[in-house]
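Reading through the structure tokens given below for one structure.
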Amino acid sequence: MPELPEVETVRRGLTLKLEGRVLVRVDQHRPNLRFPLPVDFAARLTGRRVLSLDRRAKYILIRVDGGLVWMIHLGMSGSMVVKPGPAGVPAAHDHLVFHTDDGWVVTYNDVRRFGFMDLFDESGLDSHPMLAPLGPEPLGNGFHGVALSERLAGRRTPIKAALLDQTVVAGLGNIYVCEALFRAGIAPTRLADSVAGADSERLVPIIRDVLGEAIAAGGSTLRDFVQSDGELGYFQHNFRVYGREDEACVTCGHDGAPEGRIRRIVQSGRSTFFCPRCQR
DNA sequence: CACACAACCTGTCAGC
DNA sequence: TGCTGACAGGTTGTGT
């Protein structure tokens with residue numbers, strides 16, 4: 001589920017409760033998520049102090065003392081719930097429960113179990129098989145028109161698929177690719193190669209805007225996340241095309257013409273939403 | 001190498 | 001009400 005903005009929101013929420021705290025107890029309710037959890041995962045994490053929380057693409061990277069990195073990926077349906085202790089009876093799909101030394105309880109819930117976690121020595125960070133292939137961070141300095149253009153040039157796949165490729169740019173998912181292409185007026189079916197050059201220059205700031213706005217929206221839901229249901233990972237956001245099949249395009253659809261309605265197509269097995277009149 | 005597609009797993013919703 | 005099929009925000013592995 002969560003794309004970069006949601007993961008960033010989770011990271012910020014977790015930082016508020018975990019940074020500087022000691023994990024006094026870790027309850028592991030099953031041996032695996034998408035992959036087997038590391039050997040002695042709970043035991044190796046227990047007693048560690050959380051030093052800092054970072055994000056790379058859709059991964060949350062938590063440095064704990066002893067030189068270890070605790071890596072979390074939320075998959076499609078993973079979420080973190082933060083509540084004051086003591087912990088009650090685990091709900092369905094509560095797979096891991098982390099207790100802090102100041103009495104807070106952080107629960108990892110994941111219905112579909114596409115998420116995963118790892119725990120490894122910080123010396124292995126750069127070479128981690130899931131982190132090493134990642135492309136530039138879309139909100140970082142390494143992501144600019146030339147960089148995107150170079151990674152799209154020569155590729156014969158649709159631009160939609162190319163932007164979902166985490167080695168092209170790291171952190172975009174289905175929703176924000178649709179939104180960025182809509183704002184850029186670029187048809188999702190165009191070959192990636194044709195978006196190299198001037199269109200890449202235009203696309204980069206649009207991708208930054210789309211993600212930045214979503215992070216801001218998530219931040220506003222964070223303010224008192226503990227008082228509500230404590231859930232981190234999902235927030236309501238208004239999308240211009242995603243999920244709006246058959247609705248009038250917000251840009252050109254006011255004339256009621258059928259070609260100004262949002263269409264849904266399937267590209268490499270994923271839904272794409274776009275305006276056939278605005279996006280060329 | 002580049003690309004398309006199935007698989008992983010569970011829940012929800014529309015339609016019959 | 002119950003059944004079936006489509007679909008869901010991600011990533012890996014396999015096959016062409």
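Protein chains get the first letters and strands the later ones, always in sequence-line order, with residue 1 at the start of each.
Atom CZ of Arg190(A) is surrounded by more than 12 heavy atoms from other residues, nucleotides or ligands within 6.0 Å.
For the P atoms, the distance linking dT11(C) with dG11(B) amounts to 22 Å, nearest Å. Rounded to whole Å, the P atom of dC3(C) lies 24 Å from the corresponding atom of dC9(B).
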* Pair pattern of DNA chain B in dot-bracket, where unpaired bases get dots and | marks partners in another strand, Watson-Crick or G-U under 3.5 angstrom -> .|||||||.|||||||
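Members clustered with Val97(A): Val105(A), by chain and number, using a 4.5 Å side-chain heavy-atom cutoff among hydrophobic residues.
We find that CZ of Arg270(A) is positioned 11 Å from C1' of dC7(C), with the value rounded to whole Å.
None of Glu3(A), Glu6(A), Glu137(A) except one satisfies the salt bridge (charged side-chain N to carboxylate O under 4.0 Å, His left out) rule with Arg55(A); the exception is Glu137(A). A salt bridge (charged side-chain N to carboxylate O under 4.0 Å, His left out) with Asp102(A) is found for exactly one of Arg21(A), Arg49(A), Lys17(A), namely Arg21(A).
Sorted by residue number, the members of residues 108-122 of chain A with any non-hydrogen atom under 4.0 Å from DNA chain B read Val111(A), Arg112(A), Arg113(A), Phe114(A).
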N/O contacts under 3.5 Å, protein versus nucleotides 3-6 of chain B?
residue : atom : partner   : partner atom : Å
dC3(B)  : OP1  : Arg156(A) : N            : 2.5
dC3(B)  : OP1  : Thr157(A) : N            : 3.2
dC3(B)  : OP2  : Arg155(A) : NE           : 2.8
dC3(B)  : OP2  : Arg155(A) : NH2          : 2.9
dA4(B)  : OP2  : Thr157(A) : OG1          : 3.0

What N/O pairs connect the protein and nucleotides 14-16 of chain C at under 3.5 Å? Give each pair on its own line.
none

Which pairs, protein N/O on one side and nucleotides 4-6 of chain C N/O on the other, fall under 3.5 Å?
none

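Within the 3.5 Å criterion, the main-chain N or O of Asp246(A) finds a donor-acceptor partner in the side chain of Arg261(A).
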